[in-house]
Amino acid sequence: MPQVKLSVIMPVFNVEKTIKEALDSVLMQEVNFPYEIIICNDCSTDNTLNIINEYKDKFNNIIFLNNATNSGNAISFYNALCIAKGDYFCVLDGDDFYTVRNKLQKQVDFLDSDEKENYAGVCHNYLTLFDDGKVLSDFEDKEEKDFSYVDFLNKAFYYHTSTYMYRNIFKDNILSDLQKDELRGDNPRTFLVLKFH
């Protein structure tokens, strides 16, 4: 079996209204590499579990984890990362989705081409779609840029969780601190990847 290039991690809780769109947006990706989707369900009480099971039965690259108790997003992410086989990983929450079919391919190509591994990860512009139909764009002030660890400490940039792809520096060396709720989300995750890369 070929080496998994990318692990798409999906921590989910009560996302029955959006999980299909999230999963479809990953499955529509046009890629030339093997990838896995690791869904960690945090004891959803709605129809989320049934929807996940439908997809899991159809697609053999979907791996399903179910927390024994409702434990929060940090634990769900940690549990999925612990089994992630990809050289790279990204996180897609169950209420987010991709809109560009070659998003994952472009990011993998960028990281693959960085033979000296100067970059810990890559991210991109994004749109925020609100329930009332309004759209917020972050494109105005974010041209193509390189950011350093110091830039991050100075809060010089922010990108949405769904935009990031990271080198999987945690493979076989998972930090137990990633289970802590204060390290939940893209800012702490980006900080740690930049720090230890």
Side-chain angles (χ1 to χ4, degrees), residues 1-13 15 19 22-29 31-44 48-49 52-53 55-68 71-98 103-112 114 117 119-124 159-197:
M1 184 174 181
Q3 167 67 34
V4 173
K5 176 69 75 171
L6 173 67
S7 299
V8 180
I9 294 174
M10 296 184 69
V12 300
F13 175 71
V15 287
I19 185 69
L23 283 167
D24 288 343
S25 79
V26 180
L27 295 165
M28 77 168 187
Q29 292 294 304
V31 298
N32 63 8
F33 54 82
Y35 69 95
E36 61 186 2
I37 303 171
I38 307 173
I39 306 170
C40 188
N41 178 45
D42 196 22
C43 297
S44 294
T48 298
L49 181 58
I52 292 169
N53 282 329
Y55 277 80
K56 184 173 62 75
D57 291 344
K58 290 180 186 174
F59 300 96
N60 60 11
N61 63 335
I62 293 179
I63 299 164
F64 174 67
L65 303 174
N66 198 34
N67 292 341
S71 306
N73 184 281
I75 295 289
S76 296
F77 166 73
Y78 176 84
N79 289 341
L81 186 62
C82 282
I83 65 165
K85 297 183 181 77
D87 297 327
Y88 312 126
F89 76 90
C90 57
V91 180
L92 182 67
D93 290 325
D95 59 352
D96 293 327
F97 59 94
Y98 303 141
K103 170 229 173 8
L104 296 180
Q105 184 68 57
K106 287 176 78 171
Q107 291 185 297
V108 164
D109 287 347
F110 178 87
L111 292 171
D112 276 353
D114 176 29
E117 297 189 3
Y119 293 90
V122 62
C123 53
H124 55 76
Y159 288 83
H160 190 272
T161 301
S162 62
T163 71
Y164 282 98
M165 182 179 292
Y166 304 97
R167 294 189 185 281
N168 192 357
I169 64 167
F170 304 110
K171 194 169 13 174
D172 303 322
N173 191 28
I174 189 78
L175 296 174
S176 61
D177 281 352
L178 285 169
Q179 298 176 78
K180 296 177 180 176
D181 198 54
E182 58 267 28
L183 294 182
R184 179 182 70 82
D186 43 280
N187 279 345
R189 188 162 39 243
T190 302
F191 170 79
L192 289 169
V193 173
L194 284 168
K195 180 178 180 181
F196 292 109
H197 174 258

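When a residue number appears, it is its place in the shown sequence, counting from 1. Small disclaimer: the values here were computed from a predicted structure and weren't measured.
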Fill in the blank from the handout: When rounded to the nearest 0.5 Å, the distance separating NZ of Lys103 from CD of Gln29 is 7.5 Å
Fill in the blank from the handout: With sequence neighbours left out, the residues meeting side chain to side chain donor-acceptor pair (under 3.5 Å) with Asn32 are Gln105
Completion exercise
Sorted by chain and residue number, the side chain to side chain contact (heavy atoms under 4.5 Å, CB included) partners of Lys56 (sequence neighbours excluded) come out as Asn53, Ile62, Phe64
Exercise for the section: Could you tell me the separation between the CD1 atom of Ile37 and the CD1 atom of Ile52, rounded to the nearest 0.5 Å? Expected result: 11.0 Å
Handout entry: Validation row: Phe59, Leu23 side chains within 4.5 angstrom (heavy atoms)
Key = no
Practice task
Any chance you could lay out the side chain to side chain contact (heavy atoms under 4.5 Å, CB included) test for Leu111 and Val122, step after step, and finish with the verdict?
Solution key: CA-CA 8 Å; Leu111 292 171; Val122 62; 4.2 Å; yes
Fill in the blank from the handout: CD1 of Ile63 to CD1 of Ile38, rounded to nearest 0.5 Å, is 5.0 Å
Exercise for the section: Please check if atom CG in Asn60 has more than 12 non-hydrogen atoms from other residues, nucleotides or ligands closer than 6.0 Å. Expected result: no
Exercise for the section: Quick one: pull up SG in Cys40 and CG in Asn66 and give me the separation to the nearest 0.5 Å. Expected result: 7.5 Å
Practice task
Show the numbers, then the answer: is there a side chain to side chain contact (heavy atoms under 4.5 Å, CB included) between Lys5 and Tyr35?
Solution key: CA-CA 6 Å; Lys5 176 69 75 171; Tyr35 69 95; over 6 Å; no
Practice task
Would you please test Leu6 and Gln107 for side chain to side chain contact (heavy atoms under 4.5 Å, CB included) and show each step?
Solution key: CA-CA 10 Å; Leu6 173 67; Gln107 291 185 297; over 6 Å; no
Handout entry: Under 3.5 Å donor-acceptor, Thr48 side chain and Val15 backbone
Key = yes
Handout entry: Pair Asn41, Ser44: side-chain N/O donor-acceptor within cut-off below 3.5 Å
Key = yes
Problem - Distance, nearest 0.5 Å, that separates CG of Leu92 from CE of Met10 - result: 4.5 Å
Fill in the blank from the handout: So CZ of Phe13 and SG of Cys43: to nearest 0.5 Å the spacing works out to 8.0 Å
Problem - ring-ring contact (aromatic ring centres under 6.0 Å, His included) involving Phe110 - partner list, sequence neighbours excluded - result: Tyr119
Problem - Check: Ile19 and Tyr55 side chains under 4.5 Å, non-hydrogen atoms - result: no
Completion exercise
Sorted by chain and residue number, the side chain to side chain donor-acceptor pair (under 3.5 Å) partners of Ser25 (sequence neighbours excluded) come out as none
Problem - From CA spacing to verdict: side chain to side chain contact (heavy atoms under 4.5 Å, CB included), Val12, Ile39 - result: CA-CA 7 Å; Val12 300; Ile39 306 170; 3.8 Å; yes
Problem - Validation row: Met165, Val108 side chains within 4.5 angstrom (heavy atoms) - result: yes
Problem - For Asp95, all residues meeting side chain to side chain donor-acceptor pair (under 3.5 Å), sequence neighbours excluded - result: none
Exercise for the section: Would you mind reporting whether Asp93 and Pro11 have side-chain heavy atoms less than 4.5 Å apart? Expected result: yes
Which atom pairs, donor and acceptor, lie under 3.5 Å between side-chain atoms of residues 78-91 and protein residues at least two apart or in another chain?
residue, atom, partner, partner atom, Å
Asn79, ND2, Asn67, OD1, 3.0
Asn79, ND2, Ile75, O, 3.4
Asp87, OD1, Lys171, NZ, 3.2
Tyr88, OH, Asp112, N, 3.4
Tyr88, OH, Asp112, OD1, 2.5

